[in-house]
Each structure stands twice: as structure tokens, then as C-alpha cells.
A.B. asks: 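Take a look at this one; I'll ask things after.
Per chain, numbering begins at 1; letters A, B, ... match sequence-line order.
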2 protein chains.
Amino acid sequence: MRPAALDWSVENCTIARAMAVLGERWTLVVLREVFNGVRRFDDMRVRTGIPRQVLTSRLAALVAQGVLRRVPYQEPGSRVRHEYRLTDKGLDLWPVLVAVLGWGDRYLADPEGSPLSVGHRGCDAEVRVTLRCAEGHEVNRPRDVLPRPGPGARRRTD
Amino acid sequence: MRPAALDWSVENCTIARAMAVLGERWTLVVLREVFNGVRRFDDMRVRTGIPRQVLTSRLAALVAQGVLRRVPYQEPGSRVRHEYRLTDKGLDLWPVLVAVLGWGDRYLADPEGSPLSVGHRGCDAEVRVTLRCAEGHEVNRPRDVLPRPGPGARRRTD
DNA sequence: GTTGCTGAGTCTGTCAATCAGACCTAGCCT
DNA sequence: AGGCTAGGTCTGATTGACAGACTCAGCAAC
């Protein structure tokens with residue numbers, strides 16, 4: 001029983017391309033910090049425990065990718081420094097982060113529960129990731145999710 | 001202006017724990033394959049281009065984490081071999097994968113679009129990740145998503 | 001002028017992981 | 001016996017992560 005997917009190329013796969021940006025232990029941890037309002041180098045470093053060199057390298061990569069931008073700030077009595085803020089491209093990673101949080105909460109949390117919650121501005125209710133289809137149905141079971149070739153799909157040539 | 005998050009520990013953070021499992025370039029690519037029905041070692045290897053040793057190591061880690069399980073199969077004329085199937089824990093990573101796909105499609109796809117689409121069983125409409133709150137509102141803007149300490153949150157001690 | 005401070009890096013040496021390429025194993029077949 | 005093939009393992013080179021130390025550059029105070 002040969003899976004249909006084998007006939008299709010993964011050369012232009014956007015998951016693989018996204019994971020080339022995100023697929024590393026610390027990147028989403030850095031983004032968690034920025035989403036939480038922690039935007040300065042040393043605050044991030046102390047909070048996350050990431051070695052300086054790795055943090056420098058990650059931040060530079062995220063800036064180069066257009067996920068973060070550097071914004072000058074100056075405390076009284078200090079020189080100009082830079083903090084890191086999300087671009088629109090970066091902000092659009094919220095669903096990824098909430099999805100990872102949901103999975104982590106379900107399978108990896110301590111008995112007292114998650115240390116991080118995400119609320120909805122205005123009503124304050126807990127925000128979660130859901131899967132919905134264009135017809136408006138809520139998709140609750142993984143078995144109702146069916147992968148298929150998309151508009152950019154190409155046949156395999158190897 | 002000091003972010004409130006600085007007062008809270010990240011020691012038991014479930015995002016960081018999830019990324020300790022997932023936060024590596026190839027893991028989600030492997031999961032993409034399994035979600036697409038490609039479950040055998042050599043098929044995955046050829047499709048993804050992952051070196052054998054890395055693929056072996058990744059698969060073993062995912063089995064150890066309870067995300068995948070090894071299931072024996074036997075083609076006529078061959079010995080028993082194993083393929084890799086998702087556990088419930090693994091199936092629950094669909095929202096993560098669809099979220100990553102959505103971001104990748106938006107920012108990293110070629111002009112002709114995504115090579116992978118996700119349909120809803122029954123109605124066939126495109127499936128997407130959305131953010132919803134417990135009150136039933138759809139949360140469309142990143143600015144309406146507010147992080148806050150969760151039930152397991154602990155004060156910082158350092 | 002000097003000295004001290006501190007956030008944000010850079011440097012060095014060690015260790016670990018990735019990678020390419022080659023080799024090995026184990027049931028099946030002839 | 002040899003051949004096949006899926007699923008590994010091995011070796012050596014390369015690259016990245018990491019710990020710890022060091023550097024730099026504006027500000028302040030003296």
C-alpha cells in the first residue's frame with residue numbers, strides 16, 4: 001500500500017522552509033520572551049539561560065529573517081541601546097506559539113499546570129488554537145484532517 | 001517600563017519543554033512525512049534528504065518521547081520490518097504542523113503557492129488554524145492575545 | 001582627566017551534533 | 001552459495017553549542 005505522497009516533491013515545502021527558520025531549540029523560546037514583552041538582551045539571557053553567543057546569533061538570524069526588528073531605546077543616564085520587537089511576520093507566529101503551548105500543556109506540564117496562559121483582550125477568556133475548515137466546521141479529530149497536494153505541488157522527478 | 005513577565009520563572013515552561021522535543025530542524029519534517037502517510041525509513045530518507053544517522057536518531061527520539069510508535073510490517077518475500085505511526089500524543093501535533101504550514105505558506109511559499117494543502121474529511125474544505133477564546137470569540141489580531149501567568153506560574157527566585 | 005558601571009557583544013577552547021560516504025546486517029529469494 | 005534491500009552503524013571532517021573569560025562604549029561620578 002503505497003502512500004500517494006510519495007509521488008509528490010517536497011522541494012518547495014513550506015513546512016521545511018519554516019523549520020529552517022524556526023527548527024532549533026532556542027528560537028521559539030526567544031520569541032516567547034518577546035511576545036511576553038521581554039525585549040532586551042540581558043533580560044532575555046537571564047530568563048532563558050541561553051549562552052550569550054547563541055542568543056546573539058539567534059537574534060541576528062531573526063532580524064535577518066524579518067521576524068524581529070531592532071528598535072533603539074535609551075534609559076536616562078545610559079547610552080542608546082537596542083531592543084527587539086516583532087514585525088508583522090513575527091506577530092503572525094502567535095498561532096504557532098499557542099499551538100506549541102497547547103501541546104506542551106497537555107503532555108509536558110507539571111501537575112499544577114501551565115505557567116503561561118493566554119487571554120483574549122476584552123473578555124479575558126483563555127485563548128486556544130483550533131482547526132477550522134473554510135466551510136466553518138470545527139475540526140476536532142486528527143483523523144478528519146486530510147493532507148493533499150496544494151496549488152504549488154510538483155511531481156517527483158527522482 | 002519593566003515587563004511584568006520578568007517577575008515570573010520560566011523553569012517549568014511548557015513551550016521550552018515542547019521545543020526540547022521539537023526544536024530541531026528535522027523533527028517536524030519527519031512528522032510531516034508520517035502525517036502524509038509516509039511511514040517507512042527509506043521512503044522518508046529519500047523524500048526528506050535527511051542523512052541516515054540523523055533520521056535514525058530522530059525516529060528513536062520520537063519513539064522514546066511517545067510521539068511515534070514502531071509497528072511491524074512484512075512485505076511478501078521479505079522479513080519483518082517496522083514502520084512508524086503516530087500515537088495520540090503525536091496526532092495532537094496536527095495543530096502545530098498546520099500552524100507552521102500556515103505561516104510558511106504566507107511568508108515563504110513560491111509564487112504558485114503551497115505544495116501541501118489540508119482538507120476536512122467530508123466537506124473537503126481547506127483546514128486552517130485559528131485562535132479562539134473560551135467565550136467563543138475568534139481572535140484575529142495578535143494584539144488581542146495577551147500572555148499572563150498560568151496556574152503553574154511561579155515567582156522568580158534569582 | 002580617570003575610574004566604575006553595565007548591557008551587549010566577541011573570543012577561546014572543549015564538546016557534541018551533523019554530515020558525506022562507506023560499510024554492515026539480516027531475512028528473504030534464486 | 002550469492003544477490004537484494006531496508007535499516008541501520010561506523011569513520012572522519014565540519015559546524016555549532018557551550019562555559020567562561022574578555023572587550024567595548026557611552027554614561028556617571030569623582
A.B. asks: For D/dC18, does either OP1 or OP2 sit under 4.0 Å from a side-chain N or O belonging to A/Trp26?
C.D. replies: yes
A.B. asks: So, does A/Arg45 get its side chain near the phosphate of D/dC18, meaning an N or O under 4.0 Å from OP1 or OP2?
C.D. replies: no
A.B. asks: By the definition side-chain contact (heavy atoms from CB on, under 4.5 Å), identify the one residue from B/Leu108, B/Leu116, B/Leu31 that meets it with A/Ile15.
C.D. replies: B/Leu116
A.B. asks: Check A/Arg17 with B/Asp105, please: is the shortest side-chain N to carboxylate O separation under 4.0 Å?
C.D. replies: no
A.B. asks: What is the distance, rounded to the nearest whole Å, between atom CG of A/Leu59 and atom P of C/dG9?
C.D. replies: 8 Å
A.B. asks: A/Val54 side chain: which of D/dA17, D/dG7, C/dA8 is closest?
C.D. replies: D/dA17
A.B. asks: Can you tell me if the side-chain N/O atoms of B/Arg52 get under 4.0 Å from OP1 or OP2 in C/dC24?
C.D. replies: no
A.B. asks: So which nucleotide from D/dA19, C/dT18, D/dA6 ends up closest to the side chain of B/Arg58?
C.D. replies: C/dT18
A.B. asks: Just how far, in rounded Å, is C1' of C/dC24 from CZ of B/Phe41?
C.D. replies: 14 Å
A.B. asks: Rounded to whole angstrom units, what separation is found between the CG atom of B/Asp42 and the P atom of D/dG7?
C.D. replies: 7 Å
A.B. asks: Charged N to carboxylate O below 4.0 Å: is that the case for A/Glu24 and B/Arg25?
C.D. replies: no
A.B. asks: For D/dC27, does OP1 or OP2 lie under 4.0 Å from any side-chain N or O of A/Gln74?
C.D. replies: yes
A.B. asks: Between B/Arg81 and B/Glu83, does at least one N-O distance fall below 4.0 Å, as a salt bridge requires?
C.D. replies: no
A.B. asks: For D/dG7, take OP1 and OP2 only and decide whether either is under 4.0 Å from a side-chain N or O of B/Tyr73.
C.D. replies: yes
A.B. asks: Just the rounded figure in Å: distance from C1' of D/dT5 to CD of B/Glu75.
C.D. replies: 12 Å
A.B. asks: Rounded to whole angstrom units, what separation is found between the CD atom of B/Glu24 and the P atom of D/dA17?
C.D. replies: 12 Å
A.B. asks: So what does A/Glu83 hit on the nucleic acid, given a heavy-atom distance under 4.0 Å: a base, only sugar-phosphate, or nothing?
C.D. replies: nothing
A.B. asks: Rounded off to whole Å, could you give me the CG-to-C1' distance for the B/Asp43 and D/dG7 pair?
C.D. replies: 12 Å
A.B. asks: Given C/dT12, D/dC10, C/dG9, identify the nucleotide with an atom nearest to the side chain of A/Tyr84.
C.D. replies: C/dG9
A.B. asks: Rounded to the nearest angstrom, tell me the gap between atom CE in B/Met44 and atom P in D/dG8.
C.D. replies: 10 Å
A.B. asks: Let me spell it out: for each of A/Ile50 and B/Arg81, pick the nucleotide of DNA chain D with the closest heavy atom. Which residue's pick is nearer the 5' end?
C.D. replies: B/Arg81
A.B. asks: Can you tell whether the side chains of A/Arg141 and A/Asp144 come within less than 4.0 Å, N to carboxylate O?
C.D. replies: yes
A.B. asks: So which nucleotide from D/dG7, D/dG8, C/dA8 ends up closest to the side chain of A/Arg40?
C.D. replies: C/dA8
A.B. asks: Tell me whether A/Glu11 at atom CD has more than 12 heavy atoms from other residues, nucleotides or ligands lying less than 6.0 Å away.
C.D. replies: no
A.B. asks: State which of C/dA8, D/dA6, D/dC18 makes the closest approach to the side chain of A/Arg25.
C.D. replies: D/dC18
A.B. asks: Write down the distance between CD (B/Gln53) and P (C/dC19), rounded to a whole number of angstrom.
C.D. replies: 10 Å
A.B. asks: Quick check for you: among D/dG26, D/dA6, C/dC19, whose closest atom lies nearest to any side-chain atom of A/Arg79?
C.D. replies: D/dG26
